[in-house]
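Note sheet for the following structure.
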Amino acid sequence: MRSVHNILVTGGCGFIGANFINFLFGKSSSKFSFFTKCDFEGIVVNVDLLTYAAHPENLCQEIKENPRYFFEKADICDKQKIKKIFEKYQIDTVVHFAAESHVDRSIGDPEIFTRTNVCGTQTLLECAKECWKNKKNGCLFHFVSTDEVYGSLGSSGTFIETSNYSPNSPYSASKASAELMVMAYWHTYGLPVTISNCSNNYGPYQDREKFIPLMISNMAEGLSLPLYGNGNNVRDWIYVEDHNNAVWTILKKGRIGQKYNIGSANEIKNNELLQKLIEKTSVIVKRDVAELKRLIKHVNDRPGHDFRYSIDATKIKEELGWKPLVDFETGLEKTVRWYLHKL
């Protein structure tokens with residue numbers, strides 16, 4: 001069991017990163033949480049450039065005032081500044097969430113995805129290598145990746161940790177490239193690393209450009225509900241706090257140099273998920289289901305749109321004892337209520 005003392009969290013004002021910090025301090029999405037405080041008692045250094053998808057208000061005021069929490073506005077590609085942060089706070093653990101992550105944006109501007117997701121990751125790895133050269137024992141660089149690096153599945157099959165890389169978008173290609181860089185630093189320099197590949201996250205604090213918050217917000221405001229193609233693409237969903245509980249489990253018990261798939265086996269077609277969101281939202285906003293269904297607008301499919309994702313999380317369950325705690329219907333209900341409460 002590893003001892004975790006001084007954690008550097010990149011992208012800690014974004015969706016998953018903010019939820020992770022909230023989880024560490026036992027403040028996970030307030031009354032919408034399923035989890036109690038974990039056993040972390042060290043310090044958290046949140047490094048975030050505060051771009052469009054980062055929202056400092058995702059962290060409660062109590063955390064911001066906690067003497068164990070520190071915020072540093074920084075670009076992860078800025079090696080000089082990142083290295084100073086490593087040295088200043090004597091970082092022993094990195095949890096690297098920071099990334100450009102919206103597939104549509106990667107299609108329009110792949111360069112920024114390469115810079116942030118690949119070059120930024122390499123900068124962090126290099127800083128960790130230099131700062132930990134005399135104390136690798138007890139240190140860990142954890143890279144948070146995505147199931148999208150594996151590409152697209154047909155109607156059957158599932159992704160395991162040894163599945164081939166087959167990314168189909170600039171976003172997933174940049175994450176796959178970053179993964180390869182992480183493993184290269186382990187093989188070449190002996191840097192202690194782990195990687196997790198997670199399915200689609202949902203829950204509080206997600207940016208409105210993503211499917212679930214977009215649909216909930218648009219329904220509340222009477223706007224159209226854009227659905228790619230025929231809506232039959234399948235995604236595998238996990239509640240964000242289940243994801244972060246898995247990351248924490250890897251930090252404590254994960255084997256160096258290993259990849260762990262994280263998922264809850266909640267596969268559902270996009271059009272079926274939208275129907276669920278309509279049903280749950282209609283009850284809360286007191287609008288007719290048929291009225292909300294009329295807002296659905298089928299739009300041209302995304303170029304290179306992956307058909308189906310499916311995660312096999314057997315390894316992390318059997319090896320580390322992790323399991324998801326949030327069933328999909330309950331998590332979705334909580335999520336809908338959180339966003340409507342926020343509006």
Side-chain angles (χ1 to χ4, degrees), residues 2-29 35 37-51 53-60 62-78 81-101 116-117 120-121 123-125 127-128 131-132 138-146 175 178 182 192-196 198 201 203-207 240-252 254 262:
R2 283 188 72 249
S3 295
V4 181
H5 302 288
N6 301 343
I7 302 180
L8 171 61
V9 176
T10 68
C13 292
F15 167 42
I16 306 177
N19 273 288
F20 182 69
I21 293 175
N22 287 335
F23 171 80
L24 290 178
F25 285 99
K27 303 297 179 183
S28 306
S29 49
F35 295 84
K37 185 179 183 297
C38 71
D39 58 351
F40 175 67
E41 296 181 352
I43 69 167
V44 174
V45 182
N46 176 7
V47 171
D48 201 303
L49 190 57
L50 299 181
T51 57
H55 307 287
E57 62 272 19
N58 289 351
L59 297 166
C60 71
E62 186 176 344
I63 289 178
K64 295 176 183 177
E65 295 173 355
N66 192 305
R68 297 193 293 121
Y69 172 80
F70 302 89
F71 175 74
E72 295 279 354
K73 183 178 180 181
D75 183 344
I76 59 172
C77 294
D78 185 341
K81 191 164 186 177
I82 295 299
K83 188 173 182 181
K84 286 181 179 178
I85 292 171
F86 266 81
E87 294 169 344
K88 177 180 178 180
Y89 297 101
Q90 298 182 347
I91 298 299
D92 60 60
T93 304
V94 174
V95 184
H96 181 25
F97 292 103
E100 293 285 346
S101 64
T116 300
N117 298 356
T121 300
T123 297
L124 288 162
L125 288 164
C127 290
C131 293
W132 296 346
C139 296
L140 182 67
F141 186 107
H142 180 71
F143 180 65
V144 180
S145 193
T146 171
K175 293 293 283 188
V182 171
V193 305
T194 49
I195 294 173
S196 57
C198 195
N201 280 227
Y205 305 116
Q206 192 168 26
D207 193 78
V240 63
E241 290 181 9
D242 267 330
H243 177 193
N244 284 326
N245 190 30
V247 169
W248 176 246
T249 301
I250 294 169
L251 297 186
K252 298 287 285 185
I262 302 171

**OP:** Nearest 0.5 Å please: distance from the CZ atom of Phe70 over to the CG atom of Leu8.
**Re:** 13.0 Å
Original post:
Between Tyr205 and Glu57, do the side chains contain an N or O donor and an N or O acceptor separated by less than 3.5 Å?
Top reply: no
Original post:
After noting the C-alpha distance and the side-chain angles of Ile16 and Val144, does the key distance pass the side chain to side chain contact (heavy atoms under 4.5 Å, CB included) rule?
Top reply: CA-CA 10 Å; Ile16 306 177; Val144 180; 5.5 Å; no
Subject >> Sidechain N-carboxylate O distance under 4.0 Å for Lys81, Glu72 >> reply: no
Original post:
Any side-chain heavy atom of Ile91 within less than 4.5 Å of one from Cys131?
Top reply: no
Subject >> Listed partners of Glu65 passing side chain to side chain donor-acceptor pair (under 3.5 Å), at least two apart >> reply: Gln61
Original post:
Does a donor on one side chain sit under 3.5 Å from an acceptor on the other, for His96 and Thr121?
Top reply: yes
**OP:** Mind checking the OH-CZ spacing from Tyr69 to Phe25? Nearest 0.5 Å is all I need.
**Re:** 8.5 Å
Original post:
Quick one: SG on Cys60 to CG on Asn22, what's the gap to the nearest 0.5 Å?
Top reply: 6.0 Å
Subject >> Flag for Asp92-His5: side-chain donor and acceptor within less than 3.5 Å >> reply: no
**OP:** Please say whether more than 12 non-hydrogen atoms of neighbouring residues, nucleotides or ligands are located less than 6.0 Å from CD in Glu87.
**Re:** yes
Original post:
Would you say Phe23 and Phe40 make side-chain contact, with heavy atoms under 4.5 Å?
Top reply: no
Original post:
Can you tell me if Trp248 uses its side chain to pair, donor with acceptor, with the backbone of His243 under 3.5 Å?
Top reply: no
Subject >> Donor on one side chain, acceptor on other, Thr93 and His142, under 3.5 Å >> reply: no
Original post:
Can Thr116 and Ile76 be said to form a side chain to side chain contact (heavy atoms under 4.5 Å, CB included), step by step?
Top reply: CA-CA 7 Å; Thr116 300; Ile76 59 172; 4.3 Å; yes
Original post:
Taking atom types as modelled, is there a side-chain donor on His55 or Asp207 under 3.5 Å from an acceptor on the other?
Top reply: yes
Original post:
Of all heavy-atom pairs between Leu59 and Gly12, which one has the smallest distance, and what is that distance?
Top reply: CD1-O, 3.8 Å
Subject >> Pairing residues for Phe97 by the ring-ring contact (aromatic ring centres under 6.0 Å, His included) criterion, not counting sequence neighbours >> reply: Phe20
**OP:** List the atom of Ser145, the atom of Ile195, and the distance in Å for their closest heavy-atom pair.
**Re:** CB-CG2, 4.2 Å
Subject >> Minimum-distance pair of heavy atoms, taken over all atoms of Leu49 and Asp75 >> reply: CD1-N, 3.8 Å
Original post:
Would you find a donor on one side and an acceptor on the other, under 3.5 Å apart, between the side chain of Lys252 and the backbone of Arg2?
Top reply: yes
**OP:** Nearest 0.5 Å please: distance from the CG atom of Leu24 over to the CD atom of Glu41.
**Re:** 12.0 Å
Original post:
Between Asn201 and Asp242, does a side chain to side chain contact (heavy atoms under 4.5 Å, CB included) hold up when you go through it step by step?
Top reply: CA-CA 9 Å; Asn201 280 227; Asp242 267 330; over 6 Å; no
Subject >> Stepwise side chain to side chain contact (heavy atoms under 4.5 Å, CB included) test for Val95 and Phe143 >> reply: CA-CA 6 Å; Val95 184; Phe143 180 65; over 6 Å; no
**OP:** Could you tell me whether Lys73 atom NZ has more than 12 heavy atoms of other residues or ligands within 6.0 Å of it?
**Re:** no
Original post:
Do Ile43 and Ile7 have side chains that get closer than 4.5 Å, going by heavy atoms?
Top reply: no
Subject >> Straight-line distance of Ser196 OG to Ile262 CD1, nearest 0.5 Å >> reply: 4.0 Å
Original post:
Do you know which two heavy atoms are closest between Asp48 and Ala54, and how far apart they sit?
Top reply: OD1-CB, 3.4 Å
Original post:
Taking side chain as C-beta onward, heavy atoms only, is Cys198 less than 4.5 Å from Thr146?
Top reply: no
Subject >> Asn19 (side chain) donor-acceptor with Phe15 (main chain) under 3.5 angstrom >> reply: yes
Original post:
What heavy-atom pair brings Phe86 and Ala128 nearest, and what distance separates the two atoms?
Top reply: CE2-CA, 3.7 Å
Original post:
Can you name the closest pair of heavy atoms from Val240 and Pro204 and give their distance?
Top reply: CG1-CD, 4.2 Å
Original post:
Quick one: OG1 on Thr123 to CG on Asp78, what's the gap to the nearest 0.5 Å?
Top reply: 8.5 Å
Subject >> Phe71 backbone acceptor or donor facing Asn46 side chain under 3.5 Å >> reply: no
